[in-house]
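Convention: sequence-line order gives letters A, B, ...; per-chain numbering from 1.
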Amino acid sequence: ETGVTQSPTHLIKTRGQQVTLRCSSQSGHNTVSWYQQALGQGPQFIFQYYREEENGRGNFPPRFSGLQFPNYSSELNVNALELDDSALYLCASSSSGRVTGELFFGEGSRLTVL
Amino acid sequence: GENVEQHPSTLSVQEGDSAVIKCTYSDSASNYFPWYKQELGKRPQLIIDIRSNVGEKKDQRIAVTLNKTAKHFSLHITETQPEDSAVYFCAASEGNAGGGADGLTFGKGTHLIIQP
């Protein structure tokens, strides 16, 4: 069983730039969600994708956007980067058929905005 | 929206002793309460979860209790070991994985330190 993989693992951007983060979901999972984890904080829900459509969103502005592809992999795009966007971005996959709703997280992409 | 408060932020216990971490939530519609363990530089991993139709769940040295009336739930770790040292996060949601979801709302975490 292949776990959740994310790329890149680390990246540095400057204010105003745009970034794309990528995630491959765990084998057999059709739902992907993204979380932002600031240093010393719990993860915060950004949005969730199911059947290639966004079906849930947290309190994040529209400059945070995403995609899900037919193979269930996903991208997170952030435009007009701000210093406060510096964080660990976690992708999590799950299966809509599972009752438990367990999320399987990737190792994350650490974004630094200068 | 949901708000989850977690206490304490840091907990230091002697190896072999028990550790208890407590969380409260605000949304009475929440019905799924997982606990995640995150070691330094690693991904969060589910260690135990509970649904609102159950008051207590146990898995070896780990147990979770839920009081829906008071809107609080707790993690209990007995016979703590050095490998239990990590940050623990509680979370709450309506548990609709893939079927339209508000996602998990996490607490701010508890840094558990096991003293040898």
Item checked: Interchain contact, Gln6(B) with chain A, by part (heavy-atom threshold 4.5 Å) -> neither

Next item on the list: Pick one of side chain, backbone, both or neither for Pro34(B), based on which atoms fall under 4.5 Å of a heavy atom in chain A.
Entry: neither

Checklist line | Leu90(A) reachable from Ile47(B) in the ILVMFWY side-chain graph, under 4.5 Å edges | finding: no

Notebook entry, point to check: So if you build clusters from Ile, Leu, Val, Met, Phe, Trp, Tyr with side-chain heavy-atom gaps below 4.5 Å, do Val20(B) and Trp35(B) land together?
Noted result: no

Next item on the list: May I ask you to test the Glu2(B)-Phe45(A) pair for a side-chain heavy-atom distance under 4.5 Å?
Entry: no

Does [X] [atom1] have over 12 foreign heavy atoms under 6.0 Å away?
| X | atom1 | value |
| --- | --- | --- |
| Leu83(A) | CG | yes |
| Glu53(A) | CD | no |
| Lys68(B) | NZ | yes |
| Glu79(B) | CD | no |
| Leu114(A) | CG | yes |
| Arg15(A) | CZ | no |
| Arg51(A) | CZ | no |

Checklist line | Residues of residues 68-77 of chain A with any heavy atom under 4.5 Å of a heavy atom in chain B | finding: none

Check: For Leu104(B), does its backbone N or O pair with a side-chain atom of Tyr35(A) as donor and acceptor, under 3.5 Å?
Finding: yes

Checklist line | chain B contact via Glu54(A) - side chain, backbone, both or neither, heavy atoms under 4.5 Å | finding: neither

Checklist line | Choice from Gly106(A), Gly40(A), Ala92(A) maximising heavy atom contacts with chain B below 4.5 Å | finding: Gly106(A)

Next item on the list: Identify the heavy atoms of Val4(A) and Arg43(B) that sit nearest to each other, and give their distance.
Entry: O-NH1, 3.7 Å

